[in-house]
Amino acid sequence: MLEKKYDPGSVEATWYAFWEEKGYFSPEFQAAGKAYAITIPPPNVTGELHMGHALQHAIHDAVVRWKRMQGYRTLCLPGTDHAGIATQMKVEQQLFAEEGKGRHDIGRETMLGRIVAWKQQYGGTILKQLREMGCSYDWDRERYTMDRSYARSVLSAFVRFHERGWVYRGRRMVNWCPSCGTVISDLEVEEREHEGHLWHIRYPGLEGGPDVVVATTRPETMLGDTGVAVHPEDRRWQRAIGKRVMLPIMDRPIPIVADRYADPEMGSGAVKVTPAHDPNDYDIGLRHGLPEIQVIGFNGEMTGEAGAYRGMDRFACRNAVIADLKELGLLERIEDYEHMVPHHDKCGTSIEPLPMDQWFLAMRSLADQALPALKKRKIKYVPDRFREYSVEWLENIQDWCISRQIWWGHRIPVWTCEGCGKMLVRVDAPDRCDACGSRDLAQDPDVLDTWFSSALWPFATLGWPDQAEDLKTFHPTDLMITGRDILYLWVARMIMTAVEFVDEIPFGTVLVHPTVQTRDGKRMSKSLGTGIDPRELIKRYGADATRLSLLYQCGSSQDVRFDADVVDNHLQDSPITESCRNFCNKIWNAARFVQMNLERDDVHSAATPQVDPFDTADRWILSQYNHTVCAVTGSLEAYRFDEASRTLYEFVWNAYCDWYLEIAKVRLNDVDPEPGTTARRVLVHVLEGALRLLHPMAPFVSEALWQQLPHSGEALIVAKWPEADRRRFDETAEREMALLRKVVGTIRNIRGTMRVPPGRRADVHLKVNSVEVANVLTRFEVYLGALARVADLRIGADIVRPPASASAVLKDVEIFVPLQGLIDLDLERKRLKKEIEKMEALLGGLDRKLSNTGFLNNAPAEVVTKEKGRHAQYRSALGRLNENLEAVTS
RNA sequence: GGGCGAUUAGCUCAGCUGGUUAGAGCGCUGGUUUCACAUACCAGAGGUCACUGGUUCGAGUCCAGUAUCGCCCACCA
């Protein structure tokens, strides 16, 4: 016997262990099916589950479970990313906290050992959290971007790119993070708004030339200025071009050059040029042969080139330079200035653009190879607009700086012979030089950008470069589910590498899911205190409710405003998740009811049970059920999880529980056993099907209940996905039930308004306009009795309004509830007047419509006929309402 | 600066290709401890569909513009 309440905690661990033990997560379980594969976007090994992950994996697991039930040989491959910078940072922090040491104090090898140890101890907690969510992934195939075989894939890719001639060493302006001590990619740069200043500085003219006033947001960089640029057509500066000015403080004469970069509209029209510290200035420097003077070092402190400021922190230096300029009387003006400052998204340090030698990967050919797949829609994007953006991004792609000056990662497989200088590029470390035989080989100290390894994810996890069985079976994969933020950074690169290395697009569909925001549309972030830990949701409402709530809110727009109150990163409450929990409890109790009423010989049958053809309720719920099967399947096919969950919620709660189950109670209590038997079979059949539909979205409660009901097969997780039986669509039953619901609702309304005590039965007289309606209502007599608490029911065309009765007018039925002694005439008049007003408004609208010749001439005939019919109906209803009002007025 | 998305009840959101009285959940009001469920049941109140124009017989739905919020991209001192 089921408990009175659904307790997620006691169910989740048990069934998860059961599934895993039985091996249902492995595609081998369905050896016969057609393959369906997803490789999950590997979260950082340092990561912890946040709401974005929770949504992403609610989707992943819903799709995977659904496909598994459809009989596919389903693989969802999990894993983690070694996240070079993030992981190294974490271990460095730990090292510093515990021993007060930096990584250079312990050396590269020791540091790497520490990181490996750290991963073994703490890494991958996020994968455990995915299990708590119920994710049915193939843990036997779990991969890590630093495991041995994955490393082989990564190095092989590098070597092949090198053979193609696409890997090169070049000097470029790169984004340097002084805190992490490494270059980072453009895509890891986050522009943050900064309320700073614009300092206007006077550079005194030399050789009879004019003084120049330049403006800057970074005065400390002036120490490295090697020129001033003006626009070649700027008339104010014609005579100054070619002359020099004196750079203050450094007392270095620097030239005034003509360059189109200078904007005559801005300030004085002259711009200072610091080739070593600004990407634009770097280009100007190249065009005019200006020297680079690097005054800010890689550690963020001023270099020897900064003269007296040497060793000073870059921000302290800014203040010092300003003070000194002020003293020299050369600081013309200070303006408040709001602008964007680039920061490293991982550590929050403001990045320093610096020219450096780095490894690059030429992207043009890779992009060109991949573009046709996108343009010809070989990959489906959901929503499609993201395909367009990806095309645009690939068309304007820049070469990729792939080297990083950190230790944790795939070390660049390039060795230089100390003997003859030859460069060796190998997957396996060479022990001697090909050319001169020297054993004195030095490996490049840098490691590859973490995204270089994740770019290979779909096929590297399946065994590439080997001709692995999994690669043949599961590649190309079917679906890639991702957020917008890494659409280019990651997804576009996976497409390019797959086309290059396995000559296939890596996935058939890219599903771009919404971003989870706070209720008021703000970014959900721990540092803002607006983050929710999904585990708090799970703990409070259960994993199923958490998943349902995420899916229920996952519509076609680009954001999900998660309905929850959060204070200080802690969940206060989440109304929508609570609703979902209540839904789980609802279906739990529906199952409990069915279970309580089961008899020994009730077995589950996949076939639709025989129904009494005259029983509208049976036919109706089967019709509704089969429509629900269609709708839910269709919604899942369109990845509309909000629709799928809403449809199911409404079916279970508003159709099955509110109406069918209540009607079934009447039948189960019938003295004749026959109606009860049919009702039990229908109850079981429909509930069993609803549980199957629910399983992808709420796996735990559905499995737990399914196991308690008559069923065939050993587990719901591998049960067959329902197929709609269209022969059960039944318009007549739908129409008749709609009438019953309307009549019951109206009687309840009258009872409520007239404050008829709920326990008290009341007589009801129904005046009908046709024999057909009379017959339908007569068949519903017992249901009306139970659902609307009717005592004596009279039905007929010749019903006369009983005295002292409340009344209501429906399309085919006029309802009278005699209430001698109970009726409050004022209330009844008010009720009727309200109805009359409503009806008059409707009628007014229709009058206008039907007297509009434009409408009569242009609207389709069927619409006109329909509106005329409605007009007649409303007119008659209004007449009867007025009669009834008169009857209670006299 | 460019692109995209959103704007419907107090809150979170549905509303497909334009055509019955714009829906749901939560919240609110009133009633019910009725033998599945008080995490429930029954009823009720609550909306000039952001604004302004346009197309149309007819617009929440299509088009244009405006406003507000948000996201992505962009080297402007």
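Numbered from 1 within each chain, the chains take letters A, B, ... in sequence-line order.
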Between C35(B) (C1') and R592(A) (CZ): distance, integer Å
11 Å
Take atom CD of E867(A) and atom P of U20(B), then tell me their distance rounded to the nearest Å.
7 Å
Judged by nearest nucleotide, the residue sitting upstream toward the 5' end of RNA chain B, A270(A) or T515(A), is T515(A)
Tell me what L856(A) touches on the nucleic acid: a base, only sugar-phosphate, or nothing, going by heavy atoms under 4.0 Å.
nothing
Rounded to whole Å, how long is the line connecting atom CG of D485(A) with atom C1' of G5(B)?
16 Å
Length of the CD1-C1' vector between I587(A) and U39(B), whole Å
15 Å
So what does E578(A) hit on the nucleic acid, given a heavy-atom distance under 4.0 Å: a base, only sugar-phosphate, or nothing?
nothing
For a quick check of understanding: with a heavy-atom distance under 4.0 Å over all strands, which category does Y261(A) fall into, base, sugar-phosphate or nothing?
base
In terms of side-chain geometry, is the basic nitrogen of D670(A) or K665(A) positioned less than 4.0 Å from the acidic oxygen of its partner?
no
For Q398(A), does the CD atom have more than 12 heavy-atom neighbours from other residues, nucleotides or ligands under 6.0 Å away?
no
Considering every strand and a 4.0 Å limit on heavy-atom distances, what is the contact class for D263(A): base, sugar-phosphate, or nothing?
base
Do E352(A) and R218(A) sit within salt-bridge range, that is, some charged N less than 4.0 Å from a carboxylate O?
yes
Between G15(B) and A9(B), how far is it from one C1' atom to the other, in whole Å?
14 Å
Euclidean distance, atom CH2 of residue W659(A) to atom C1' of C41(B) [Å, nearest integer]:
12 Å
Tell me, yes or no, whether the heavy-atom count around Q873(A) atom CD, taken from other residues, nucleotides or ligands under 6.0 Å, exceeds 12.
yes
Would you write the dot-bracket representation of RNA chain B, where each base gets (, ), [, ], | or . depending on whether it forms a Watson-Crick or G-U pair under 3.5 Å and with which partner?
(((((((..((((.....[...)))).(((((.......))))).....(((((..]....))))))))))))....
Does Y874(A) reach a base, just sugar-phosphate, or nothing at all? Heavy atoms under 4.0 Å.
base
Tell me: CZ of R789(A) to C1' of A43(B), nearest whole Å?
16 Å
May I have the distance from R561(A) (atom CZ) to C71(B) (atom C1'), rounded to whole angstrom?
12 Å
Contact class for K834(A) (heavy atom, under 4.0 Å): base, sugar-phosphate, or nothing?
sugar-phosphate
When only distance counts, do a donor and an acceptor, one from the side chain of N280(A) and one from the base of C76(B), lie under 3.5 Å apart?
no
Using a 4.0 Å heavy-atom cut-off across all strands, classify E662(A) as base, sugar-phosphate, or nothing.
base
Taking E828(A) first and then R831(A), would you say they form a salt bridge - that is, a charged N and a carboxylate O separated by under 4.0 Å?
yes
Using a heavy-atom cut-off of 4.0 Å across all strands, would you classify E392(A) as base, sugar-phosphate, or nothing?
nothing
Tell me: CD of Q558(A) to C1' of G70(B), nearest whole Å?
8 Å
Ionic contact status for D234(A) with R236(A), cut-off 4.0 Å
yes
If you measure from the Lys or Arg side-chain nitrogens to the Asp or Glu carboxylate oxygens, is any gap between R387(A) and D384(A) under 4.0 Å?
yes
Is there a donor in the side chain of T753(A) and an acceptor in the side chain of N749(A), or the other way round, less than 3.5 Å apart?
yes
